[in-house]
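Reading through the structure tokens given below for one structure.
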Amino acid sequence: MAGLEESLRTTLGGKAAAKLDTAFGLTTTGDLLRHYPRRYARRGELTDLAALRDGDQVTVFAQVEKVRTRPMRARRGQLLEVTVTDGRARLALTFFNKVQYWERQLTPGRHAMFAGRVSTFKGKRQLAHPEFKLLGADDAAKAAEYAAELIPVYPATKDVSTWDIEKCVQIVLDTLGELDDPLPPPLREQYGLAGLAEALHGIHRPADDAQARSATVRLKWDEALVLQAVLAQRRRAAAALPATARPASAGGLADAFDARLPFSLTAGQREVGADISAELARDHPMHRLLQGEVGSGKTVIAVRAMLQVIDAGGQAALLAPTEVLAQQHYRSVSDLLGPLGQAGRLGGAEVATRVALLTGSQPAAARREALLDAASGAAGIVIGTHALLAERVQFADLGLVVVDEQHRFGVEQRDALRGKAQGARPHVLVMTATPIPRTVAMTVYGDLDVSTLAELPGGRSPIATHVVPAAEKPRFLDRAWERVREEAEKGRQAYVVCPRIGGDEGASSSMPADPADSEALIGPDDDEEEARPPLAVLDVAPALEQGPLAGLRLRVMHGRLPTDDKDSAMRAFADGSADVLVSTTVVEVGVDVPNATVMVIMDADRFGVSQLHQLRGRVGRGTEPGLCLLVTEAPEGSKARQRLADVAATLDGFRLAEIDLEQRREGDVLGATQAGRKKSLKLLSVLHDRDLIVAARTEATGLVDADPELSGYPALAAEMSALLDEEQAGFLEKT
Ligand code: ADP
Ligand code: MG
């Protein structure tokens, strides 16, 4: 009797084991039993052949309709052409060798599974020389084999078909002995979950739908509990680390800053601020995620936290995803601080600190000064891009790391910066403007505590959003440019956003210099032909300048511009000496020009829902209402148009984030840095298994609190170390 650790060589023999290893990396019995069916085919049910797509590797259930042999044209010999049907559509199968042999088996009326790659020949979809397996065969043994109502269909490859896998799984299931169950019996009882062996049998050989379902739920629990137990341990370990307490003190920079603020904080800002202030005062590191829409006032909260740390003798680092944003933060933090940030300079306040900017491309002298200020402690606040992670950057006493726009960073980068503080760990505050649904936060950021700023500061103007169908109604596009001119005449400004930079860049081959420009662009809908490459800044800007926006002052902005040019373009737009900024998504986050009232987004269907929402947050930041125009050539009724209509219909960022996530594949939701996690969550869906994840988190936290090393739960602990090994491997692969 075999356990889950048994090598497949032992149970299946070297040849089959080697095939499974090559095709899927499966090496143990446990690996194979966790290669779950993708779906189940109902006996007698045929595959919708009309839905097959060219190039796909498919497994289809169909009935043989007619069989024809003819001599081949180019070569000697016979060709067998078999037409199969699902009752409506047809698919051609062609066989070249051993024609009589195939012909004897594939007689009209027979049902079979066929596997192969779909191609098109003379306008007809076909499978050339498919593998196949007859169903409902006449001998008794075969009939019994297919008596089951549900036939599992496994993820398969060209070399390993679903029935090959099924056969291996049957062998392994038949030799399966007693299994150590990672789910503790009381938990199984409480949630009515099957035992592990029973569930593995149930998912691979279900007698009916109900059995398949309950097996799936049980196996999802394994995935959820193991992950949540890892995260619970991680939270526990992090909470036990030493950190320097940075308690608030009266009469320092933080108080002076509050007194200087030209507005009063919202209730949400006060509440989150109090939480952060209390956590900074503890001698264990804070690990907090602060989420809130663009403009919800996160930066103000971060600055107050940084000042509390400086008052307590420490320094703070603020990490931005791009140079443009680092510069923007530098300017806005300096503005917010005013004389409080001018220590040792003319006009500096008596109690004051200094703000240093460190980026990859700044002039050597400026860089040297910033490095010195960071190392000596003269700069209380050091702002930069990931260049801050470079080893040469030293801090006198780093007490707080603020990471802006988390969705562009990996966990490992955060860890690198944390490591900059000698001995004690710095406190960490991660800010994100992308609303993250609760279960995603629990899965991806499960080792962080989460605060949310739900309300926008008062006085913010509403943003109206409209879809401009440029192909059907060119007149609407003309009207969009007229609107831009009208705003400019009133002394206001506009953004024009394009999906691509253009110029000598290959449409997609060259790496953009700025990570902000490589944000996930969505391709055209799968079922549509790509007509042309997405519009580019370097093409659109001159076309507007010589056409509908002639006479207005245009500037361009994108990640490939030299730093000086970026800076000067941003400055020109910020001080109003440019009317229109034509740019890529580098303006997506953090850029703040209250006088900008219109945003025209070209090829808007190329952007994700959340990204469009982020982009439009750039307008309507002043007293005038904002207008966002989503220009698209996507036809009415297409998925892309629906996405844009969703964005136009609501300003609720959480709702849009959910729509966005629903349209992505699960692995993409978890992100590239979650390689191990992606692999280990085979059944669990962070979008659809909300209740299960919440319950698993509670249970896991309880188990870890009662037994931190989980020594009383060896099977669970073993699964956890397997998960950690996978994450580690994923991390190594990336570096
Ligand atoms: P976020 O970082 O969340 O995008 P910011 O902190 O940059 O938001 O705030 C956006 C704008 O709103 C800034 O100009 C800021 O000064 C202003 N602001 C922040 N908090 C308030 C408030 N309580 N009342 C009025 N304006 C505020
Ligand atoms: Mg911001």
Side-chain angles (χ1 to χ4, degrees), residues 254 257-276 288-307 316 318-322 324-338 340-341 355 381 383 402-409 429-436 450-463 493 495 516 570 573-576 585-597 599 610-611 613-626 651-654 657:
F257 177 75
D258 282 352
R260 255 185 61 89
L261 270 183
F263 45 74
S264 50
L265 297 174
T266 64
Q269 283 174 316
R270 274 200 301 275
E271 199 179 306
V272 173
D275 286 348
I276 292 173
R288 186 163 285 276
L289 175 71
L290 171 57
Q291 55 174 351
E293 299 257 329
V294 169
S296 58
K298 297 183 298 295
T299 307
V300 174
I301 292 183
V303 169
R304 293 176 87 234
M306 294 194 274
L307 294 178
L318 171 54
L319 198 59
T322 65
V324 174
L325 283 171
Q327 282 157 11
Q328 170 95 25
H329 272 305
Y330 177 70
R331 277 194 295 275
S332 59
V333 169
S334 300
D335 288 352
L336 275 169
L337 289 176
L340 301 178
V355 184
I381 299 176
I383 298 176
V402 179
V403 183
D404 188 18
E405 315 305 350
Q406 159 69 23
H407 63 286
R408 296 215 172 110
F409 284 91
L429 178 66
V430 180
M431 304 194 290
T432 174
T434 308
I436 304 169
V450 180
S451 301
T452 303
L453 281 180
E455 59 180 322
L456 294 183
R460 194 57 52 75
S461 308
I463 304 167
Q493 295 161 280
Y495 294 100
M570 265 332 289
F573 195 62
D575 69 19
T585 54
V586 289
V587 299
E588 182 183 343
V589 273
V591 176
D592 192 6
V593 179
N595 192 47
T597 49
M599 175 175 285
S610 291
Q611 207 181 5
H613 181 60
Q614 296 250 11
L615 280 166
R616 73 177 159 185
R618 308 289 99 228
V619 293
R621 299 184 66 116
T623 50
E624 294 303 317
L651 288 171
D652 179 346
F654 275 91

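We count ligands from 1, going down the list as the structure has it; atoms in each ligand are counted the same way.
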Worksheet item: Under 3.5 Å, N or O to N or O, is Gly297 touching ligand 1 that way?
Response: yes
Discussion item. I need the atoms of ligand 1 closer than 4.0 Å to a non-hydrogen atom of Val300, numbered in the order shown.
Written reply: 6 (O), 19 (C)
Worksheet item: Within less than 4.0 angstrom of ligand 1, does Gly292 place any heavy atom?
Response: no
Practice prompt. Say whether, by atom type as modelled, one donor and one acceptor occur between the side chain of Lys298 and the main chain of Gly292 under 3.5 angstrom.
Written response: yes
Worksheet entry | Shortest non-hydrogen separation from Ser451 to Arg288 and the atoms involved | OG-NH1, 2.7 Å
Practice prompt. Quick one: pull up CG in Asp404 and CG in Leu429 and give me the separation to the nearest 0.5 Å.
Written response: 9.5 Å
Worksheet item: Pick one: which of Val355, Val303, Ile383, Ile381 meets side chain to side chain contact (heavy atoms under 4.5 Å, CB included) with His329?
Response: Ile383
Discussion item. Which of the numbered atoms in ligand 1 are under 4.0 angstrom from any heavy atom belonging to Thr266?
Written reply: 23 (N)
Item to complete: Compare all side-chain heavy atoms of Met431 with those of Ile301 and state whether any distance is below 4.5 angstrom.
Response: no
Item to complete: Answer with side chain, backbone, both or neither: which part of Thr299 has a heavy atom less than 4.0 angstrom from an atom of ligand 1?
Response: both
Discussion item. Can you see whether Thr452 engages Gln291 through a side-chain donor-acceptor pair at a distance of less than 3.5 angstrom?
Written reply: yes
Worksheet entry | Part of Gln269 within contact of ligand 1 (heavy atoms, under 4.0 Å) | side chain
Fill in: Numbered atoms of ligand 1 (with element) below 4.0 Å of Leu265, judged on heavy atoms
23 (N)
Item to complete: Would you check whether Ser264 reaches within less than 4.0 Å of ligand 1, judged by its heavy atoms?
Response: yes
